[in-house]
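The structure appears right after this line, and notes come after that.
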Amino acid sequence: MARLEWETAKIVRLRRMLMAWYEHSHRDLPWRESRDPYAIWVSEVMLQQTRVAVVEERFKEFLELFPTVDALARAPEQEVLAAWSGLGYYRRPRMLHRAAQFVVANCAGVLPQSSAELRLLPGIGAYTAAAIASIAFGECVAVVDGNVERVLYRVAGWETGVRAGSAALKRKVGELAGELMDAERPGDFNQALMELGATVCLPRNPLCLVCPLSTDCYTRGEHRRPPRPPMLSREIAHALALRTKYERETGRGASKARARAVREVLLEQRPASATVMPTMWELPQLREAAVPDRELCMAVRHAIMQVNYYVRIRTVTEEKVAALTLAGGARRWVPLREAGAMALTGLARKVLTRARLLPTEPADALAAMRTTEQEADADAG
DNA sequence: AAACCGTGGTC
DNA sequence: TGACCAAGGTT
C-alpha cells in the first residue's frame, strides 16, 4: 500500500472524531437492528444507487416476504421482481435471487463470510462484498461508495489533478479509508464514513460547521463533479384498457347462482430479451403518441435514466385495444386485485395507483395473494 | 474505460 | 418546474 504523507496523529484523530460522532448521531435504520447476514445483504443490494428513505420501507416488506435465504431461493422470480417493483435496476433482484439459489445449493444456505468469497456471488461487487463482510462478520475491510469517495476526496483535498470517478482516485480513496479504518469496529467505521457523507458532508451544501472532521479537512466543502449531459425528452402514450367480467360465484354457499363483477386491466409483459426492465409488466403502448385531449385520461412525467418521458394515458375499450396499440410481448387481462402483486414497471404502478385502481402496495398485495392461495389450498384439501 | 441499467425525492 | 442524483454492478 502506498504510504500516505499523513502523520499517525492525524489519522488517529480523524478516526476518533468520526467514531465519536457516529456514536451519538447515527440514524436508527431497520437493517441496523439486525445481525442477520442475509438481512444485511438484502439491505446493501437494495441500497445500491437508491435512497435510504425509499429503502427503509421496502426493506422491511421484502424481509417479511422472504425472511431467509432459503425462502428467497424457493420463491418464483416473478414474485421477487414484484417485491422489487418500483425500485428500479431490476438486475439487482434477479442477481440476488440467483445468488440465494447458489448459496442454498452450494453452501448449505449459509452465506460466505469473507469479502473475497462474497465478491464471487452475482450482484456483489467490491463495495457490497466489503460492506457485508465488515458489518455482518467484522472483517477489517474498507468500503468505498459514493459517500466515502466524496468525504475523503474533500478531507484529503484531491480535487485537482485526479479525474473524478477515475480508477486511480478510487484506489487512493480505498487506501486512505484502509488507513483510517478502526480495526476494533470495522462495520461501524464503514457505516460512520458513509453516514457522514449522507447526512453532513453533503454533495451540494455540506454542513462543515457541524462536521467532526472539519479541523483536519483540507477543502472544507469544495467538491466539483463533472457536468452531466442534458436530459433528453420523449413523448410516449400508453393504453389503460379496462373491462368488467362477470363470474359465477363458486365455492361455499354457491346454491344461489350469483354473478360477481371483476374489474380487469390489460397488461403486457416486456420480452425477456428487452434491455430495459425485461419480463416486467406494463400498460400496452399506443401507436400514436399524440392523444386528443378529449380522450386523454392522464398525463404523467416519468424520468428514466437520461430521458424525460412525457407520458399520456388514454382509456381504451376492449374492442379497440388491438387496433390502437403496438404489438409487444404477451398480454393478459388481470383482475385489479391481483395486478398490484405483479412485477409492474414503476410507470405502470404509478399510473394504476394514481388512477386509484391499485388498492394496496406491492408487498401487501403479494401477502394478500399468498393468503388467498393458502385458503384455496385449504379448501381444496 | 465507458456505457448502461430505474426511480422518486428534493430544492 | 426541471435538474440533480442515491450505501454500484455488469459488460
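Order of the sequence lines sets the chain letters (A, B, ...), proteins ahead of strands, with each chain counted from 1. Being a predicted model, the structure only gives us computed values, none of them experimental.
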Give one of base, sugar-phosphate or nothing for [X], where a contact means two heavy atoms less than 4.0 Å apart.
X	value
A/Ser43	nothing
A/Trp31	base
A/Ala303	base
A/Met95	sugar-phosphate
A/Arg32	base
A/Leu29	base

Look at the side-chain N and O atoms of [X] and state whether any lies under 4.0 Å from the OP1 or OP2 oxygen of [N].
X	N	value
A/His302	B/dT7	yes
A/Tyr90	B/dT7	yes
A/Gln49	C/dG8	yes
A/Lys350	B/dT7	no

Detail all sub-3.5 Å separations between protein N/O atoms and N/O atoms belonging to nucleotides 9-11 of chain B.
| from | atom 1 | to | atom 2 | distance (Å) |
| --- | --- | --- | --- | --- |
| B/dG9 | N2 | A/Arg51 | NH2 | 3.3 |

- Item | Pi-cation contact, A/Trp333 with A/Arg243 (under 6.0 Å, within 45°) |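 Yes - A/Arg243 lies over the ring of A/Trp333, closer than 6.0 Å to its centre and within 45° of its axis.
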Starting the side chain at C-beta, find the nucleotide from [options] nearest to [X].
X	options	result
A/Arg91	C/dG9, B/dG6, B/dA1	C/dG9
A/Thr128	C/dA3, B/dG8, C/dG8	C/dG8
A/Met277	C/dA7, B/dG6, C/dA6	B/dG6
A/Thr275	B/dC5, B/dG8, C/dG9	B/dC5

- Item | Those residues that, when tested against A/Thr215, pass side-chain hydrogen bond (donor to acceptor under 3.5 Å, both in side chains) (two or more places apart) |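 Expected list: none.
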- Item | side-chain hydrogen bond (donor to acceptor under 3.5 Å, both in side chains) partners of A/Glu195, counting only residues at least two apart |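 By the side-chain hydrogen bond (donor to acceptor under 3.5 Å, both in side chains) rule, A/Glu195 matches A/Arg27, A/Arg32.
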- Could you state the CG-P distance from A/Leu344 to B/dG8, rounded to the nearest angstrom?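 Going from CG in A/Leu344 over to P in B/dG8 covers 12 Å.
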- Item | Nonpolar side-chain network containing A/Ile40, other nodes, edges under 4.5 Å |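 For the cluster that includes A/Ile40, the remaining residues are A/Ile135.
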- Is a side-chain N or O of A/His97 found less than 3.5 angstrom from the main chain of A/Ala75, in a donor-acceptor match?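 Looks like yes, one N/O pair under 3.5 Å.
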- Polar side-chain atom of A/Glu247 near backbone of A/Ala259 as donor-acceptor pair, under 3.5 Å: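 No, the answer is negative, given that no donor and acceptor are paired below the 3.5 Å cut-off.
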- Message: Given A/Asp216, which partner from the list A/Arg16, A/Arg15, A/Arg13, A/Arg154 fulfils the salt bridge (Lys or Arg N to Asp or Glu O under 4.0 Å) test?
- Response: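 Testing A/Asp216 for a salt bridge (Lys or Arg N to Asp or Glu O under 4.0 Å) against A/Arg16, A/Arg15, A/Arg13, A/Arg154 leaves exactly one candidate, A/Arg13.
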- Task: Would you please say whether a donor-acceptor pair under 3.5 Å links the side chains of A/Glu139 and A/Ser115?
- Result: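 Yes.
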- Item | Separation of the C1' atoms in C/dT1 and B/dG8, to the nearest angstrom |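 Here C/dT1 and B/dG8 have their C1' atoms 15 Å from each other.
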- Message: Can you check the distance between C/dA7 and B/dC11, where both ends of the measurement are the P atom (answer in whole Å)?
- Response: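 Pairwise P distance, C/dA7 against B/dC11, rounds to 14 Å.
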- Query: Tell me the salt bridge (Lys or Arg N to Asp or Glu O under 4.0 Å) pairs involving residues 81-106 of chain A, sequence neighbours left out?
  - Reply: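 For residues 81-106 of chain A, and leaving out neighbouring residues, the salt bridge (Lys or Arg N to Asp or Glu O under 4.0 Å) pairs sorted by first residue read A/Glu77-A/Arg94.
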- Message: Expected output is a numbered-order residue list: members of residues 113-127 of chain A with a heavy atom under 4.0 Å from any atom of DNA chain C. What is it?
- Response: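 Those residues whose heavy atoms fall under 4.0 Å from DNA chain C, taken from residues 113-127 of chain A in numerical order, are A/Arg119, A/Pro122, A/Gly123, A/Ile124, A/Gly125, A/Ala126, A/Tyr127.
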- Message: Please report whether the ring centroid of A/Tyr89 lies less than 6.0 Å from that of A/Trp84.
- Response: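 When the ring centroids of A/Trp84 and A/Tyr89 are compared, they turn out to be at least 6.0 Å apart.
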